[in-house]
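What follows is one structure encoded as structure tokens, with my remarks underneath.
Every heavy atom of this structure was used, including side-chain atoms; hydrogens, water molecules and symmetry mates were not. Chain A is the first sequence line, chain B the second, and so forth, proteins listed ahead of strands; every chain is numbered from 1. Owing to the predicted nature of the structure, the values given are computational and were not obtained by experimental measurement.
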There are 2 protein chains.
Amino acid sequence: LIRIENIHKSYLMGKEAVPALRGVSLAIERGDMVCLMGPSGSGKTTLLNIVGGLDEPGRGHVTIDEEDVVSMGEEKLARLRLEKIGFVFQTFNLLNNFTAEENVEAPMVLLGALSKRDRKARAKELLALVGLADRAEHFPSELSGGQQQRVAIARALANDPAIVIGDEMTGDLDSKTGFEVMDVVRTLNQEQGKTVVYVTHDPRMAAYADYTIHLLDGVIVARDEDPQR
Amino acid sequence: LIRIENIHKSYLMGKEAVPALRGVSLAIERGDMVCLMGPSGSGKTTLLNIVGGLDEPGRGHVTIDEEDVVSMGEEKLARLRLEKIGFVFQTFNLLNNFTAEENVEAPMVLLGALSKRDRKARAKELLALVGLADRAEHFPSELSGGQQQRVAIARALANDPAIVIGDEMTGDLDSKTGFEVMDVVRTLNQEQGKTVVYVTHDPRMAAYADYTIHLLDGVIVARDEDPQR
Ligand SMILES: Nc1ncnc2c1ncn2[C@@H]1O[C@H](COP(=O)(O)OP(=O)(O)OP(=O)(O)O)[C@@H](O)[C@H]1O
Ligand SMILES: Nc1ncnc2c1ncn2[C@@H]1O[C@H](COP(=O)(O)OP(=O)(O)OP(=O)(O)O)[C@@H](O)[C@H]1O
Ligand SMILES: [Mg+2]
Ligand SMILES: [Mg+2]
């Protein structure tokens with residue numbers, strides 16, 4: 001479903017080039033639940049942004065569903081992201097002037113497939129799924145860090161995407177709430193066949209994955225399979 | 001050193017009052033390393049903000065070094081925070097238009113105790129302490145999530161505060177980097193006698209503390225001592 005081949009990415013800062021990815025290749029099958037781990041600064045966010053079509057590699061190919069993402073037109077790529085990819089950002093990126101419920105509704109408004117009433121109902125459902133039914137009317141500044149993270153997760157699921165990309169989905173959550181979120185994500189993976197690619201620093205959350213990819217200094221250094229797969 | 005007595009805090013939202021702290025009392029001795037844990041939304045950030053003089057309780061007393069923080073004048077409180085308290089925010093709160101080094105220097109500029117040359121040298125030292133010597137010239141948007149978190153830690157240490165308050169100091173860090181940061185903090189606690197109060201969701205990071213306070217729905221429900229203390 002997602003194929004990345006020999007991805008290179010450097011950030012240019014004045015005269016300096018900071019290499020973030022130095023030759024990464026990965027093939028993710030439909031329905032896989034894949035964990036990505038590695039030290040701070042090893043290139044995980046950079047890789048997820050490229051996998052999710054939010055950023056371009058300097059070199060290499062990215063195909064999603066057989067389509068080349070890098071050479072795809074702007075509009076087509078935006079449509080792909082809106083319909084097929086749900087992204088949970090490491091820094092949440094919530095809209096500060098909109099309530100939790102409105103933040104979750106936003107991707108549905110952009111897609112335009114549901115009536116206003118159905119959107120509101122679905123937003124409430126998704127918030128309930130992450131334990132925030134009673135926080136629907138709060139603005140991000142009126143939510144705890146872990147509550148903001150959960151709104152970001154609910155929003156990523158808004159358009160029922162085939163692919164869920166989570167750049168830290170549980171970093172601000174206590175263990176119990178973190179397990180509840182991972183249970184929800186695993187259910188979506190097992191019952192609806194959603195493909196999930198997520199970063200975590202917590203080995204207990206990595207345990208939910210079919211396999212774990214280890215990144216170090218911009219290259220993949222290991223891959224652990226779940227022994228019970 | 002830090003005494004809080006029967007703290008109550010509610011947030012007012014229109015007609016609704018959201019109770020965040022419902023009667024919390026705590027006495028922290030000079031040189032303690034205290035961990036605060038609890039579910040997402042249980043009131044940890046609210047409590048740390050009150051302990052750090054960044055927010056006021058609705059009811060109850062807060063004294064730091066025998067001085068009542070709530071009735072203290074604005075200017076005196078600002079001075080106390082600048083000189084004695086280093087705060088690591090859950091959302092980092094870095095200045096986006098300043099480099100990592102400038103962010104770390106900022107509290108020193110405000111305090112005005114060091115020369116420009118000494119400030120720069122100290123900022124570089126602190127960044128090296130958290131493994132970011134080669135990222136001094138990067139802006140926050142040019143840093144990974146975990147690197148931003150570490151700049152926030154370095155900045156909290158800028159004025160060599162007697163009290164370090166960390167609202168998640170390792171949530172965006174891989175285990176190895178997380179342990180390195182906690183080693184630095186523990187050294188500051190054991191060798192310089194700094195008082196440390198920190199929130200974590202990771203039991204392995206909680207293990208560094210002399211004792212752990214458990215918060216649930218705005219009240220303290222348990223306190224675990226480190227058996228080897
Ligand atoms: N400005 C606000 N207005 C209304 N409610 C608020 C506001 N800030 C926080 N709250 C609520 O107060 C409660 C405590 O929030 P707090 O940020 O202290 O939790 P926390 O323990 O730090 O959680 P986390 O682990 O998720 O960071 C939460 O239920 C939150 O929704
Ligand atoms: N815009 C940028 N300009 C320059 N360098 C950058 C930029 N963004 C990221 N980097 C650098 O690229 C490297 C990879 O960053 P990335 O955000 O992918 O790391 P990460 O693995 O997600 O780390 P973390 O676990 O801390 O979130 C880092 O060393 C970082 O300093
Ligand atoms: Mg990252
Ligand atoms: Mg918090």
Using 0.5 Å steps for rounding, measure from the [atom1] atom of [X] to the [atom2] atom of [Y].
X: A:His214; Y: B:Asp174; atom1: NE2; atom2: CG; result: 12.0 Å
X: A:Asp202; Y: B:Arg204; atom1: CG; atom2: CZ; result: 6.5 Å
X: A:Met13; Y: B:Glu137; atom1: CE; atom2: CD; result: 7.5 Å

Would you say that more than 12 heavy atoms from the other residues, nucleotides or ligands in this model lie under 6.0 Å from the [atom1] of [X], or not?
X: B:His8; atom1: NE2; result: yes
X: A:Phe98; atom1: CZ; result: no
X: A:Glu74; atom1: CD; result: no

For a 4.5 angstrom cut-off between non-hydrogen side-chain atoms, does [X] reach [Y]?
X: B:Pro39; Y: A:Lys176; answer: no
X: B:Glu142; Y: A:Val18; answer: no
X: A:Met37; Y: B:Ser175; answer: no

Proximity breakdown for B:Thr45 and chain A, heavy-atom pairs closer than 4.5 Å: neither
Side chain B:His201, main chain A:Asp172, donor-acceptor under 3.5 Å: yes
Option passing side chain to side chain contact (heavy atoms under 4.5 Å, CB included) with A:Ser40 (candidates B:Arg150, B:Gln149, B:Gln148, B:Glu180): B:Arg150
Heavy-atom contact with chain B under 4.5 Å, split by part of A:Ser144: side chain
Interface moiety of A:Glu168 toward chain B, non-hydrogen atoms closer than 4.5 Å: side chain
